[in-house]
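Here's the structure, in structure tokens; my notes come after.
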Amino acid sequence: MDPDREVLDAERLDAALLELEDDIHWDAVPMLERAERYERQARLLGDDMLVARARLSQANMRMRSGDVAEAAQRIWHIHQWAVDHDARKLTARTHLIWSAIHRHLGDAAQSLEHAVLSVELLDETATAHMQIWHRAKLADALAFAGSMDAARERFDQAERLTTELDRPFLKLYVLNNYAYSEHAVGNYEHAQQVAQRLRALADTHEFELDATVLDTIGAIEMSNGQYAAAEQTMLQCIEKYSLIRRDDADAMPEYLLNLARAQRGLGAFERAQHSLDESRRLCADRELGHFLVQTFQEQAELHAARGEFAEAYEAHKSFFASYIGLRSRQREAQARTRQALFETAEARQEAETFREQARRDPLTGLRNRRYIDEQLSRLISTDPDLTVALVDLDHFKRINDQLSHDVGDQVLVQVAKILETELAAVAPDGFVARMGGEEFLMVLPGCPSSRAGREVDSIRRAVGAYDWGGITRGLPVTISIGVAGAREAEKLTQPSLLSTADRNLYAAKHGGRDRVVCGVPGPDRTRSYRDRASAA
């Protein structure tokens with residue numbers, strides 16, 4: 001009988017789910033189908049714990065097969081059930097998958113937070129696989145967040161556990177992730193040392209290195225200038241992958257692309273072009289935008305290596321156009337996932353992690369407009385000494401146009417840090433929020449506008465005095481600020497208070513910029529806050 005069609009009792013279903021949970025599966029799609037079948041059987045048995053475990057395995061496989069938004073939508077309900085039923089082991093597993101979802105979103109802080117929780121929840125009920133793998137994934141999250149020293153400690157801890165718990169095969173993948181993380185942060189020599197230990201482990205236990213591990217080793221060899229070795233490793237990787245009965249959409253295009261890079265480094269330009277053409281064909285056939293962009297970039301590098309500079313320039317233009325399109329699609333996908341996370345969290349007020357994320361600006365980490373709308377009305381109604389200050393960067397368009405939008409983002413991030421640090425010193429209970437674009441709002445509770453004007457002006461000077469040379473290459477960065485106190489607004493409402501601050505900001509802009517204007521606006525300042533276009 002086909003084991004996938006066999007009807008299982010509770011004990012055997014528990015063992016089957018454990019195999020899904022405590023193994024590294026590369027073929028996510030058939031594993032998803034298996035998890036769905038296990039859920040149906042668990043429902044027939046009336047076992048809610050087995051149902052929850054099957055559903056979590058489904059969320060994991062959906063995430064790994066690329067459907068991150070769907071996984072995000074499903075996981076909260078599983079997590080809440082686990083918490084409500086004190087299912088500590090299941091809760092730890094949900095945090096591990098949540099960590100991976102946030103990594104897909106590029107959110108290192110949230111990824112790390114969930115990875116930490118996935119380890120903190122481990123106890124004597126956790127399996128050996130969990131004890132090792134959760135720590136290894138915490139190491140991954142620390143590396144992703146830029147804390148490589150802490151990551152090494154966790155990788156070492158996970159590696160020691162593979163020895164203590166006699167899991168040499170799992171050690172192979174701990175070392176693989178360790179080597180990959182060192183490579184990703186540019187520590188190529190250390191990455192190679194870890195990769196050598198990985199090969200030695202495989203030789204000792206006669207493990208066959210699979211394509212994923214060989215791809216990691218090949219990338220490390222390339223980064224260390226060992227192009228001949230890298231070519232052989234990637235050829236072995238491709239051969240190994242071709243022998244398995246699976247065809248992940250993006251695996252072979254990536255392996256061929258890395259092979260082309262190794263061959264270019266070796267000076268084997270014809271072989272490199274052949275590998276690259278095949279990678280690009282697969283990318284186009286399978287609509288793999290991410291890797292297609294990389295093939296255009298590699299084509300430009302290959303033309304340049306052959307001295308074909310005109311062709312390299314044309315290939316680079318194709319790369320840039322594809323890159324812009326890819327970033328747009330990635331942002332849309334991330335937005336869908338974030339919306340899925342938010343909608344699920346909004347349905348339950350206990351989802352404080354998601355609530356916090358929804359109220360933060362992703363670029364600067366400051367509070368956002370949603371947070372303002374929730375907090376400011378309450379403060380206005382309870383604090384007669386409340387003051388707000390609208391901040392706008394002067395000539396910000398010039399920074400974007402003359403330098404780049406990336407430099408503009410760096411300026412926004414640094415200005416946000418200065419505003420937050422300086423405001424904390426003068427109004428510890430206040431907060432800074434990004435309104436959008438280059439505009440920020442500082443909220444100062446218990447600080448009448450007469451005093452707030454002086455405090456805010458010192459913040460303005462701090463921004464102008466910062467050493468911007470390393471970011472803007474000589475272009476100055478200054479801010480204009482419009483201040484308004486609750487007692488000065490026409491009405492005790494948020495729109496009225498912000499409108500007063502906005503009219504003062506308008507006066508600061510048209511009074512020469514790099515200044516603070518506060519008090520009751522004059523009769524010539526009649527614009528509505530909602531109508532104001534962003535100042536230059």
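- Proximity of a side-chain donor or acceptor of Q131 to a complementary backbone N or O of A158 within less than 3.5 Å is not detected.
- Proximity of D457 to R515: side-chain heavy atoms (C-beta onward) are nowhere separated by under 4.5 Å.
- By the 30° and 60° cut-offs, the orientation of the rings of H95 relative to W98 is tilted.
- Under a 3.5 Å cut-off, the side chain of S404 and the backbone N or O of V407 do form a donor-acceptor pair.
- Of the charged side-chain nitrogens involved, at least one lies within less than 4.0 Å of a carboxylate oxygen, so that D22 and R93 count as a salt-bridged pair.
- Distance alone, capped at 3.5 Å, places no donor-acceptor pair between the S480 side chain and the R513 backbone.
- The side-chain heavy atoms of Y371 and N368, taken from C-beta on, include a pair separated by under 4.5 Å.
- D429 meets the salt bridge (Lys or Arg N to Asp or Glu O under 4.0 Å) test with no other residue; sequence neighbours excluded.
- Closest heavy-atom contact between H183 and A191: N-CB, 3.7 Å.
- When all heavy atoms of A115 and S99 are compared, the pair lying nearest together is CB-OG, 3.6 Å.
- The shortest side-chain heavy-atom distance between L412 and F396 falls under the 4.5 Å cut-off.
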Just do the side-chain contact (heavy atoms from CB on, under 4.5 Å) check on V477 and I399 with the steps written out, would you?
-> CA-CA 9 Å; V477 176; I399 293 172; 4.1 Å; yes
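- Considering every non-hydrogen atom in both A416 and T364, the closest pair reads CB-CB, 3.7 Å.
- Of the candidates R43, R62, R74, E36 forms a salt bridge (Lys or Arg N to Asp or Glu O under 4.0 Å) with just one, namely R62.
- When the options H79, H102, M63, M61 are evaluated for a side-chain contact (heavy atoms from CB on, under 4.5 Å) with I97, the one that passes is M63.
- When each of V516, T478, V391 is checked for a side-chain contact (heavy atoms from CB on, under 4.5 Å) with R460, only V516 meets the rule.
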Trace of the side-chain contact (heavy atoms from CB on, under 4.5 Å) decision for E21 with L18 | CA-CA 5 Å; E21 295 162 339; L18 189 62; 3.8 Å; yes
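- Judged purely by atom type and a 3.5 angstrom limit, N504 uses its side chain to pair as donor or acceptor with the backbone of V483.
- Rounding to the nearest 0.5 angstrom, the gap separating the CG atom in L175 from the CG atom in L170 is 10.0 Å.
- Contact check for D140 versus R103: side-chain heavy atoms found under the 4.5 Å cut-off.
- Closest non-hydrogen pair, A143 versus V185, comes out as O-CG1, 4.4 Å.
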With side-chain contact (heavy atoms from CB on, under 4.5 Å) as the test, would you mind laying out the steps for N177 and K137 before giving the verdict?
-> CA-CA 9 Å; N177 287 19; K137 299 310 289 184; 3.8 Å; yes
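- S449 contributes atom OG, which lies 10.0 Å from atom CZ of R454 (distance to the nearest 0.5 angstrom).
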Stepwise, does the side-chain hydrogen bond (donor to acceptor under 3.5 Å, both in side chains) test hold for R160 with Q157?
-> CA-CA 5 Å; R160 286 195 301 272; Q157 185 183 42; 5.9 Å; no
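- Nearest heavy atoms, V174 versus T162: CG2-CG2, 4.2 Å.
- A 4.5 Å side-chain heavy-atom check between F155 and S181 finds at least one atom pair inside the cut-off.
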Let me see the working for L20 and N60 under side-chain contact (heavy atoms from CB on, under 4.5 Å), right down to the final yes or no.
-> CA-CA 10 Å; L20 273 182; N60 185 25; over 6 Å; no
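- Contact check on R378 versus D383 returns no salt bridge, with no Lys/Arg side-chain nitrogen under 4.0 Å from an Asp/Glu carboxylate oxygen.
- Screening R434, R369, R367 for a side-chain contact (heavy atoms from CB on, under 4.5 Å) with D361, the sole residue that qualifies is R434.
- Note: H190 NE2 to M148 CE = 7.5 Å, rounded to the nearest 0.5 Å.
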Take D149 and R152 through the salt bridge (charged side-chain N to carboxylate O under 4.0 Å, His left out) test and state the conclusion after the steps.
-> CA-CA 5 Å; D149 287 341; R152 291 187 187 105; 2.8 Å; yes
Going through the distances and angles, do D123 and K89 end up as a salt bridge (charged side-chain N to carboxylate O under 4.0 Å, His left out)?
-> CA-CA 8 Å; D123 59 14; K89 187 162 60 175; over 6 Å; no
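- From R135, atom CZ reaches atom OG of S118 across 9.5 Å, with rounding to the nearest 0.5 Å.
- For the pair K397/E438, no side-chain contact is recorded, criterion being any heavy-atom separation below 4.5 Å from C-beta on.
- Crowding of Y180 atom OH: a count of heavy atoms from other residues, nucleotides or ligands under 6.0 Å not exceeding 12.
- Between the side chain of S111 and the backbone N or O of A108 there is no donor-acceptor pair closer than 3.5 Å.
- In this structure the side chain of L376 reaches within 4.5 angstrom of the side chain of L386, judged on heavy atoms.
- To the nearest 0.5 angstrom, I479 atom CD1 is 8.0 Å from D514 atom CG.
- Proximity of a side-chain donor or acceptor of S496 to a complementary backbone N or O of E490 within less than 3.5 Å is detected.
- The distance from atom CD of E182 to atom OH of Y178, rounded to the nearest 0.5 Å, is 5.0 Å.
- With a 4.5 Å cut-off on side-chain heavy atoms, Y506 and V517 do not count as touching.
- A pairwise comparison of heavy atoms in Q414 and I471 identifies CB-CD1, 4.4 Å as the closest pair.
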